[in-house]
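Remarks on the structure that follows.
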Amino acid sequence: MQSQLKLYNTLSGEKETFKPILEGNVGMYVCGPTVYSDVHLGNCRTFISFDLIYRYLMHLGFKVRYVRNITDAGHLENDADEGEDKISKKARLEAIEPMEIVQRYSVGFHQVMEKFNALPPSIEPTATGHISEQIQIVQALLDNGAAYISNGSVYFDVLKYNDSEEYGILSKRKIEDLISGTRDLDGQHEKRNPLDFALWKKASPYHIMRWPSPWSDGFPGWHLECTAMSSKYLGETFDIHGGGMDLKFPHHECEIAQATAFSGHKPVNYWMHTNMLTLNGKRMSKSTGNTLLPEELFSGETVLLEKGFHPMVARFFMMQAHYRSVLDFSSDALAASEKGFHKLMNGSKELKELKLSPNSSLSIQGFIDSFYTALNDDLNTPVLIAHLFEVVSFINKVKEGAEQISAEDRELLSESMNAMIFDVLGLTFIDEQDHSKLDAAMNIILELRKNARETKDWNTSDLIRDKLNEAGITVKDNKEGSTWSVN
RNA sequence: GGUCCUGUGGCCGAGCGGUUAGGCAGUGGUCUGCAAAACCAUCUACAGCGGUUCAAAUCCGCUCGGGACCUCCA
């Protein structure tokens, strides 16, 4: 099954059969968040997409080392001399320590990811914790002539690199087009060419975050941390490097260039890029303010939504679209997913209690194969979910007596459904609190209601149901009796 | 302006040369004191115009929309 996994590789522009460098092991690096403000839902989608990939690789039996960095040194605000990093700017605004900002938003990020049931990565290194590694790479690039010093800063020489390698190989850009398209920004005079990017920046006097280096007191360029940390923890060539589409250029392109110049070979075999989550048809972005915060989604306290949605509903909503497709966020789409989510989860619950027959009326293995066919095709979760709904439909028919399932098959299907829903898609039941006392109380109430119904006292029975509903508890009547659930 | 992606039924969203995707909503029915849920049936679309092909939502061209990147951004 493993060898059949195909992943879309941005480098080739095609789906390729996934083959890890070291059999049975996968090294995966994902560009993490910049912790200078709250992560928005668009950021979350990327990390949830890679959580799916991480989960599926592990489900297939790979031993995965998943590295996702925390960018706490801040990226350059712009390329100008006055450039200051985002962390220190925010710190001065709020008159607190940079690391205080970092701490606050890192914690917030982790809390949000936990709500989305995203597994923590194996290693979550920080840029500030790897300054010496970054300095070493800069020195090596200076030593081998790939970089040059200018006024205390160090820049990567893109044109020189392009003489022997191909700058633009990932984003499919031609260097001539890039040169002609370069904007005339201030502070470019330090560079030999506008395309050159900073490896090390000399800090201006008021710049708070700074480290000593052979060239100046300063801070690392914004592409460098990923090369330093990925090569440290995964090796100079590793299997998968991921990030949002927006990082393809220039960030990942620069990473390839500096890493190749540093080590002499390509750093990554499979480049994976997840697509944007849009709001009102436009990508979410901190700088434009077109964002939705996770907390706003959960609480519904925003003009964009009619009500709040549980993180698992949002996760399911995201899984209903392919990770490489743009997904637009809307209240209606969320509401549709919410119903579908409950339908799926109820189906998976009911599967375990299905009445058994000597034989199954359908091929259970056929269902299971379809799950893997979908996932192996570049993680096609929308198709996987479509198949899961087919199973739910089958489950309901067994319940109604229109289809049959054997004991063996029920076990097999249950195991596979659970693996898909919980392990791979990473969904959880929304209501998992301990209800033992509520259970007891509800049993008493429903007993009274049952008595009322038996004497056709509909006023009482409806009053109980309506009042419970107002309190957030739904009562449903079936042939076998009444069931209840917390909304 | 350059590079690239995209346009699917009321809504969301797969498919990428020949078969019903799926979910939500709607409609008719079964069930039910009513409601809800569930089940069955139904609704059957591929921006427009050309072309290639026995066959196109799927490939090619043009036109018209939408978006991403080219500057920090998941």
Side-chain angles (χ1 to χ4, degrees), chain A residues 13 30-34 36-37 39-50 71 74-80 83 85-86 168 171-174 176-178 180-183 185 195 222 242-251 253 273-278 281-288 291 316-317 320-322 324-330 332-344 346-347 350 374 377 380-390 392-393 395-397 399-402 453 456-458 461-462 465-466 469 474-479 482-483 485:
Chain A
V30 172
C31 290
T34 305
Y36 69 95
S37 65
V39 287
H40 62 246
L41 235 36
N43 301 314
C44 294
R45 161 123 105 146
T46 293
F47 303 127
I48 289 169
S49 294
F50 282 106
T71 297
H75 289 170
L76 281 177
E77 190 95 304
N78 53 48
D79 253 342
D85 76 45
K86 288 181 171 176
S171 54
K172 316 278 183 266
R173 285 157 203 264
K174 292 190 173 57
E176 303 80 48
D177 297 338
L178 287 168
S180 65
T182 305
R183 301 197 185 178
L185 295 165
L195 288 183
W222 74 283
M245 289 271 193
D246 50 346
L247 296 182
K248 203 155 61 169
F249 188 91
H251 185 238
E253 202 70 69
H273 294 278
T274 55
N275 217 134
M276 301 291 101
L277 183 66
T278 62
K282 296 260 165 62
R283 70 168 287 206
M284 283 194 200
S285 163
K286 287 171 188 168
S287 50
T288 60
T291 56
F316 180 70
F317 167 71
Q320 280 190 298
H322 187 87
R324 281 191 292 113
S325 297
V326 173
L327 178 63
D328 194 57
F329 213 82
S330 72
D332 288 349
L334 258 298
S337 284
E338 186 173 48
K339 295 206 173 178
F341 172 79
H342 286 119
K343 183 175 177 176
L344 177 64
N346 285 338
E350 284 168 349
D377 184 19
N380 198 329
T381 51
V383 168
L384 167 67
I385 290 170
H387 291 315
L388 292 175
F389 276 116
E390 285 164 14
V392 170
S393 176
I395 289 167
N396 288 326
K397 284 178 190 167
K399 241 173 68 184
E400 301 288 319
R453 295 182 74 212
K456 297 202 190 294
D457 179 2
W458 308 126
S461 82
D462 286 354
R465 188 175 61 194
D466 293 347
N469 192 43
T474 304
V475 175
K476 293 172 191 166
D477 300 328
N478 305 299
K479 275 181 190 156
S482 302
T483 61
S485 58

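So you know, we letter chains A, B, ... as the sequences are listed, proteins then strands, and number each from 1.
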According to the Watson-Crick and G-U wobble definition with distances under 3.5 Å, which dot-bracket string, read 5' to 3', encodes RNA chain B, using [ ] for crossing pairs and | for pairs with another strand? (((((((..(((.....[...))).(((((.......)))))....(((((..]....))))))))))))....

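Under the rule for a side chain to side chain donor-acceptor pair (under 3.5 Å), the partners of A:E390 that lie at least two apart in sequence or sit in another chain are A:H387. For A:D477, the side chain to side chain contact (heavy atoms under 4.5 Å, CB included) partners are A:R449, A:R453, A:R465, A:V475, A:S482, not counting sequence neighbours. Under the side chain to side chain donor-acceptor pair (under 3.5 Å) criterion, A:D466 pairs with no residue at all, not counting sequence neighbours. A:S49 is linked by a side chain to side chain donor-acceptor pair (under 3.5 Å) to nothing, counting only residues two or more places apart in sequence or in another chain. For A:S285, the side chain to side chain donor-acceptor pair (under 3.5 Å) partners two or more places apart in sequence, or in a different chain, are A:S287. Shown here are the side chain to side chain contact (heavy atoms under 4.5 Å, CB included) partners of A:P33, two or more places apart in sequence or in another chain: A:V35, A:V39, A:F47, A:I70, A:F109. Listed by chain and residue number, nothing satisfies the side chain to side chain contact (heavy atoms under 4.5 Å, CB included) test with A:K172 (two or more places apart in sequence, or in another chain).
If you check every strand for non-hydrogen atoms under 4.0 Å, A:K282 touches sugar and phosphate atoms only. Among the heavy atoms of the strands, none lies under 4.0 Å from A:M245. In this structure, A:R283 reaches the bases: a heavy-atom distance under 4.0 Å links it to at least one base atom across the strands shown.
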If a protein heavy atom is under 4.0 Å from the base, mark B; if only from the sugar-phosphate, S; if neither, -; do that for nucleotides 21-33 of chain B going 5' to 3'. BSSSS-------B

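Computed from coordinates, the A:D466 CG to B:A36 P distance equals 12 Å when rounded to whole Å.
With salt bridges taken as basic N to acidic carboxylate O contacts below 4.0 Å, none links A:E253 and A:K248.
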